[in-house]
Amino acid sequence: MPASLQIPLTPPQSEQVLRRQAEALAGYSLGELAALAGLPVPDDLRRDKGWIGVLLEMWLGASAGSKPEQDFAAIGVELKTIPIDSSGRPLETTFVCVAPLTGNTGVTWESSHVRHKLQRVLWVPVEGERQIPLAERRVGAPLLWSPSPEEDEQLRRDWEELMDLIVLGQVERITARHGEVMQLRPKAANSKALTEAIGASGEPILTLPRGFYLKKNFTGALLARHFFSPENK
DNA sequence: TATTGATCATGT
DNA sequence: ACATGATCAATA
């Protein structure tokens, strides 16, 4: 390992600096990056589901772990690590943000939390197959991405469909099958965590907190477009 | 075996 | 309870 690889002391102040650091990490294993950072590698992710994300945040100089703002607030960029298989296809959906179940009068796609979150994303693929020991999984080449007009339109359609159902008191009839590229699924500590929502007759009800997730077809396509057609980047 | 619904850790 | 970071694992 060259001594040139270092954890940033301050957050990146430009996309170029961020991109270069992300590119410098490509090819390293999680074990190497953890050792250089002085972090222990868990045996598996069962009780450390966010470990890879936190490790990459450190290496990229993200502002802070659990603040409700973009990872790179100064330059308006969100970081997403994404587990991929040996063909570069996503192994998991990607969490975007929690869905607002009340107080949605007047909210539009343009003003939505989803659209804001996805305005600019640094995707960092990481080998994610469970047969590969965690420490041996390697970081892939990064992609700085913004939604194309077509992608924005796909997301808008799904967002509007899902939000319509939420506003109309149908949240408990929504399943993960709704949405072509973005879905709504539980996002909670467990199935006993409840939050307020609108019932079928407009009355307040308690239901599971939900989150918006990008489906694998969507993230798979945007990664593929980049890696098979680099002229599009 | 791919997907949906459930879950884990930590900090505010 | 909700935000951050996501993956697990039962089941269709």
Side-chain angles (χ1 to χ4, degrees), chain A residues 11 22 30 33-34 37 39-73 77-87 89-104 112-114 116-118 121-135 137 139-140 158 162 165-166 171-197 204-220:
Chain A
L30 299 180
L33 295 180
L39 288 184
V41 181
D43 293 335
D44 56 59
L45 297 176
R46 273 180 297 182
R47 295 192 174 276
D48 295 272
K49 296 182 179 182
W51 184 80
I52 296 175
V54 172
L55 179 67
L56 270 295
E57 280 181 356
M58 286 188 53
W59 275 103
L60 293 169
S63 317
S66 56
K67 286 193 290 190
E69 59 183 21
Q70 286 162 312
D71 296 289
F72 306 100
V77 176
E78 176 76 14
L79 171 66
K80 289 292 182 190
T81 61
I82 183 166
I84 56 169
D85 66 18
S86 57
S87 303
R89 302 200 44 173
L91 286 165
E92 294 288 347
T93 56
T94 301
F95 173 70
V96 181
C97 61
V98 167
L101 302 183
T102 60
N104 284 308
S112 69
H113 199 186
V114 172
H116 182 249
K117 276 267 180 179
L118 298 179
V121 179
L122 177 69
W123 296 98
V124 180
V126 178
E127 290 179 326
E129 285 166 321
R130 294 197 211 178
Q131 63 189 68
I132 308 174
L134 192 50
R137 298 183 194 176
V139 175
D158 286 347
L162 294 165
L165 289 166
I166 289 170
V171 63
E172 295 192 309
R173 296 176 60 167
I174 299 174
T175 74
R177 293 132 182 118
H178 288 82
E180 296 287 332
V181 298
M182 187 169 65
Q183 62 190 172
L184 197 75
R185 305 216 311 275
K187 165 66 173 175
N190 54 60
S191 59
K192 290 155 199 149
L194 296 175
T195 192
E196 189 174 294
I205 62 169
L206 289 178
T207 192
L208 279 173
R210 315 297 165 98
F212 288 108
Y213 293 80
L214 298 178
K215 291 187 168 188
K216 290 189 283 185
N217 61 347
F218 184 81
T219 51

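The chains referred to below are lettered A, B, ... by the order of the sequence lines, with proteins before strands, and numbering in each begins at 1. The shown structure was predicted, so the numbers you read here are calculated from the model rather than taken from an experiment.
Counting heavy atoms from C-beta on, the side chains of A/Leu134 and A/Ile52 come closer than 4.5 Å. Contact of the A/Ile166 side chain with the A/Leu184 side chain is registered, since non-hydrogen atoms from C-beta on lie closer than 4.5 Å. Counting heavy atoms from C-beta outward, A/Leu162 and A/His178 have side chains that approach closer than 4.5 Å. Contact of the A/Phe72 side chain with the A/Leu60 side chain is registered, since non-hydrogen atoms from C-beta on lie closer than 4.5 Å. The closest side-chain heavy-atom distance from A/Lys80 to A/Leu214 is not below 4.5 Å.
Remark: the A/Lys187 side chain and the C/dG5 base include a donor-acceptor N/O pair separated by less than 3.5 Å.
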Practice task
Please step through side-chain contact (heavy atoms from CB on, under 4.5 Å) for the pair A/Leu118 and A/Glu78, ending with a clear verdict.
Solution key: CA-CA 7 Å; A/Leu118 298 179; A/Glu78 176 76 14; over 6 Å; no
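Across all strands shown, A/Glu196 has no heavy atoms under 4.0 Å from either base or sugar-phosphate atoms. Among the atoms of the strands shown, only primed sugar atoms or phosphate atoms (P, OP1, OP2) are found under 4.0 Å from some heavy atom of A/Leu194. Nucleic acid contact for A/Ala188: base, since at least one base atom lies under 4.0 Å from a heavy atom of the residue. If you check every strand for non-hydrogen atoms under 4.0 Å, A/Gly53 touches sugar and phosphate atoms only.
The shortest distance between the side-chain N/O atoms of A/Thr94 and the OP1/OP2 oxygens of C/dA6 is not below 4.0 Å. Between A/Thr93 and the phosphate of B/dT4, there is no side-chain N or O to OP1/OP2 separation shorter than 4.0 Å. Of the side-chain N and O atoms in A/Lys117, one or more sit less than 4.0 angstrom from OP1 or OP2 of C/dT4. Here A/Ser191 reaches the OP1 or OP2 of B/dT7: one of its side-chain N or O atoms lies under 4.0 Å away.
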Atom pairs and distances, side-chain donor-acceptor, residues 185-194 of chain A, under 3.5 Å, sequence neighbours left out:
{"unit_1": "A/Arg185", "atom_1": "NH1", "unit_2": "A/Thr93", "atom_2": "OG1", "d": "3.1"}
{"unit_1": "A/Arg185", "atom_1": "NH1", "unit_2": "A/Gln183", "atom_2": "OE1", "d": "2.5"}
{"unit_1": "A/Asn190", "atom_1": "OD1", "unit_2": "A/Lys192", "atom_2": "N", "d": "2.8"}
{"unit_1": "A/Asn190", "atom_1": "OD1", "unit_2": "A/Ala193", "atom_2": "N", "d": "3.3"}

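What separates CD of A/Glu129 from P of B/dA2 is a distance of 11 Å, to the nearest Å. As a whole-Å value, the separation of A/Lys215 NZ from B/dA2 P is 16 Å. Distance A/Glu69 CD to C/dG5 P: 10 Å, rounded to the nearest Å. Here B/dA2 presents its C1' atom at 13 Å from CG of A/Asn217, a figure rounded to the nearest Å. Residue A/Ile84 contributes atom CD1, which lies 16 Å from atom C1' of C/dA6 at whole-angstrom precision. For the pair A/Leu208 CG and C/dA1 P, the interatomic distance rounds to 11 Å; values are reported in whole Å. Atom pair A/Leu214:CG and C/dT7:P shows a separation of 13 Å (rounding to whole Å applied). Whole-Å rounding puts the A/Lys192 NZ to C/dC2 P distance at 18 Å.
With C/dT7, C/dC2, B/dT3 as the candidates, the nucleotide lying closest to the side chain of A/Pro83 is C/dT7. Listed candidates were C/dC2, C/dT4, B/dA6. Nearest to the side chain of A/Pro186 is B/dA6. Closest to the side chain of A/Ala176, from the set C/dA6, B/dT4, C/dT7, is B/dT4.
When each of A/Thr175 and A/Asp48 is assigned the nucleotide of DNA chain B bearing its nearest heavy atom, the one mapping closer to the 5' terminus is A/Thr175. Between A/Val98 and A/Tyr213, the residue anchored nearer the 5' end of DNA chain C, judged by the nucleotide with its closest heavy atom, is A/Val98.
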Protein-nucleic acid N or O pairs under 3.5 Å, nucleotides 8-11 of chain C:
{"unit_1": "C/dC8", "atom_1": "OP2", "unit_2": "A/Arg130", "atom_2": "NE", "d": "3.0"}
{"unit_1": "C/dC8", "atom_1": "OP2", "unit_2": "A/Arg130", "atom_2": "NH2", "d": "3.1"}
{"unit_1": "C/dC8", "atom_1": "O4'", "unit_2": "A/Lys49", "atom_2": "NZ", "d": "3.3"}
{"unit_1": "C/dC8", "atom_1": "N4", "unit_2": "A/Glu92", "atom_2": "OE1", "d": "3.2"}

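For A/Arg137 against A/Ile132, the heavy-atom pair with the smallest separation is NE-O, 2.9 Å.
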